[in-house]
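All chains are named by letter (A, B, ...) in the order of the sequence lines, taking the proteins before the strands, and each is independently numbered beginning at 1.
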Amino acid sequence: MSATQQISTAPRLKIVGLSKTFGRTKVLDQVDLEVAPGEIHALVGANGSGKSTLVKVIAGYHTPDRGARLLLDGAEMAFPVGHGNPASVGICVVHQDLGLVGHLSVLENVSVGREHPSSVLRLLDRRREENQARKLMERLGVSLDLRTTVESLAPEERAVVAIARALRTEQPGSGLVVLDETTRALSRDAAESFYRALRKGLSDGSSVLLVAHSLPEVMAVSDRVSVIRDGTMVANGVPTPQLSERAIAKLMLGRETAIEVRAHAPTTPSTGAIQVRGLSVSPGNSLDLTIGRGEILGLTGKAGSPWERMPYAIAGVERPRSGQLQIDGSILDLARSSIRTLLANGVALVPERRDTHGVAAGLSIKDNITLPRLRERGRPWYAGLRWQLQEAQAAVDVLGVRPGDLRMPVGKLSGGNRQKVLLGKWLMNAPRLLVLHEPTQGVDAAARVDLLQAVMSAADAGTSVLFASSDVNDLSAACRRVVVVHDDGPSEELLSSDPDSIVESVYRQVARGGAA
Amino acid sequence: MSLTVRTRVPAHRRRPSRAVVDEVLARTAVIMLWALLLGFYVIVEPTKMFQSATVHSIFASQQPLVFIALAALTTFVVGEFDLSVAGILGLAATLVPVLSVTHGLSVPLSCLIALAAGVTVGAFNGFIVVVLGVDGFIVTLGSASLLLGVALWASDSVPVAGLDPAFGNIALTEFLGLPLSFYYGVAIALAFAYILAFTAMGRHMVFVGANRDVARLAGVRVDRIRFMSYVVSASIASIGGILVAAALGGFDASSAGTYLLPALSAVFLGTAVVQPGRFNPLGTMVGVYFLATGILGLQLMGAGGWVVNVFYGLALVLAVSVASVVARRRKSS
């Protein structure tokens, strides 16, 4: 590759003024990014921050808006990058699933996609492939038998094979490897040995753009960190030693949108409390919760961990390994109860995936809001129209859905208004327990206030609310008690609504590790 | 930012605007096209088109299409796909004359057995698709071939005739100039439309079709509805088959397959009428008679038999294209 011949001081990757608009939504707004030769540069951001869109632009999947520039080793690139094949310009993307074929050997996986000059030369070529693969393994400082199948390898070894394949086309000292959540499936020890191999393989000057969820990992391996939030870079290439996990988390989540704390929320469980006992969604993980009448209990943990399945287990959507729900004198076995049983007992769920699980985009606001109550409120052969209109209108008014045309298909509303319809649908069910998962994800600031206010009024009226969210600002605004679920130890209950202490607790777990 | 009391804008009222005009146009486009088509034929072939026999043949001769289209619609509404409906109609229409004429069973018993056979096939489709989780398109494509084979075997591959003419009265007795079988189709379509629009069950069906997970999370018995859609679809097709056999006095098993394509065209065409973007029974009826008018006009103008295939094929492609464009425009602006 010609880049190695030039002694250049240009950054490996330079992005200037990159915006990306989908329809009417601006997902990325004038983003800049610089990755130096030979560095591991971490890119972090919360869900919906625009991080994945940026990665997809770099991977040649999206074409950005007009005016964006992307330079590799000083050379201007046209969009889509490498005409959709980024490897042709020296960018290798390793995705979370690694893209390996399990029943093929290490050698075959590393060499897949190489063109054989001719079948006569294939034998000779095979020897060359083997040599190249062996060299790659040496470069990464690992000794893997090239003939073993990939499925018999440990997860971290598999990740190394994926990296080896990514580096195959690179001359030592050039190129950019994008690791897109590659280590998400790895344990902490496995990730460490993976990063050792990566460090070694890149010591000669290849660059890495590390897209990772795990902040301890970012702290441990990266040289510099860029943080993206709401489509803009809020920290651009800050040297990692100047940062802490907490500082990064704060940058990711932002602080300026604090909402007035709920004043008269009960802080201790009172009569009529709802109890969750021994809820377990993964091995070695068990949770007890008590949610008082009219209380909004926060539930949080690290992004991508098993706690995110708990709201669904409590609503009967997913079967947990075990768990019990005590509600109004009935005791329900969550491992056996259906959605219908839990609905009948007054549990309602606002799921995170609004557009696939929350509302039906092609159907009207009215139809979406009244769906759960058609049977009990109507007669078998006539569902009734007046109550539907009244109820839908009430939900639209309480939450401020705009435009409030009840016949409008929900798909034509903005994200915030779709979320309002979804919350309205379940608030109108007058639930005993309202389970919310990421209820303000991907909504604008004004809609967020409306949504939180509606949840608080429901609690004031006596509904118990389980507020599962990774947004610390929401948790601190709505909840007095927050339960932080840890993967590797008992969960922790915080009585404070201070966002900093929530962040601290969420990210304390790795340091605490085995001690707990 | 702290919480502020929101000033509430009164519920949004829309004045008649371009959007309303667009909406009216969208809902009636196919009906107007139908009128245009009729007008065109009247001008080109004034003498033939004005005969009452022509009108009669448009509305009286489409029973197989109507029932197959409504049967297919039952599965489409809930997001399933049944290609075996024509086969089920064919099986029922073959069984009635075979059992009563060839095997000497009484006519009512033959009808009952034909209906039971159809329902069994529906339950079989439903079981494989819903319980075993196999793709409905492939399963029902297979059932369609299987049913054609069974019908040919039962009838020794020859058209069976000789049904009691008195039995034909249940389909052929005229009322206001049109045979009863026409009204049966209209009645089923109206009942279907009522169920979808005004009952909880109908709304649940629409949600299952629109978004299965949303329905499931709202406590709708999604799998039961999907399974029942195959059973009900098969029942409608079987009843259609019995009426067709009654009207014709027998049935040619090999002819059933020819009804599938135009019936599907009518269903997709129907999504552009009455409730744009949705499968709906009244739209389907309009679709059936629209296609019948088109074919008849072409035939009156002297076109050969090949025109039927060209017209139905073209209509299906156009109808599906229109349906998906309309649906896309409705879902997002």
Exercise. At a heavy-atom separation under 4.5 Å, does T370(A) approach chain B through its side chain, its backbone, both, or neither?
Worked result: side chain
Problem set entry | L349(A) to L217(B) - nearest heavy-atom pair and separation | CD2-CD2, 4.1 Å
Problem set entry | Whether over 12 other heavy atoms sit under 6.0 Å from Y184(B) OH | yes
For this session: Using side-chain hydrogen bond (donor to acceptor under 3.5 Å, both in side chains) as the criterion, list what pairs up with E80(B), not counting sequence neighbours.
Result: R212(B), R226(B), Y230(B)
Problem set entry | Residues of residues 193-208 of chain B near chain A, each having a heavy atom less than 4.5 Å away | Y194(B), I195(B), F198(B), T199(B), A200(B), M201(B), R203(B), H204(B), V206(B), F207(B)
For this session: Under the side-chain hydrogen bond (donor to acceptor under 3.5 Å, both in side chains) rule, collect the residues that match up with R377(A), sequence neighbours excluded.
Result: E391(A)
Exercise. Taking every heavy-atom pair that is under 4.5 Å apart, which of K425(A), Q388(A), R379(A) has the most such pairs with chain B?
Worked result: Q388(A)
Problem set entry | Most contacts with chain B, counted as non-hydrogen pairs under 4.5 angstrom, among G384(A), G378(A), G358(A) | G358(A)
Seminar exercise, completed: Honestly, the part of P351(A) sitting under 4.5 Å from a heavy atom of chain B is side chain
For this session: Identify the heavy atoms of R216(B) and I339(A) that sit nearest to each other, and give their distance.
Result: O-CD1, 3.4 Å
For this session: Return yes when atom CZ of F137(B) has more than 12 non-hydrogen atoms of other residues, nucleotides or ligands closer than 6.0 Å, and no otherwise.
Result: no
Exercise. Considering all heavy atoms of both residues, which atom of A210(B) and which atom of L363(A) are nearest to each other, and what is their separation?
Worked result: CB-CD1, 3.7 Å
Seminar exercise, completed: Cut-off 4.5 Å, heavy atoms of chain B, and the answer for V359(A) is backbone
For this session: Starting at CG of N211(B), measure out to CG of N368(A) and round the result to the nearest 0.5 Å.
Result: 9.0 Å
Exercise. Residues two or more places apart in sequence or in another chain: which of them pass side-chain hydrogen bond (donor to acceptor under 3.5 Å, both in side chains) with D471(A)?
Worked result: none
Seminar exercise, completed: Between A218(B) and L371(A) the two heavy atoms that sit nearest each other are CB-CD2, 3.5 Å
For this session: Report, as yes or no, whether the 6.0 Å neighbourhood of atom CH2 on W387(A) holds more than 12 heavy atoms from other residues, nucleotides or ligands.
Result: yes
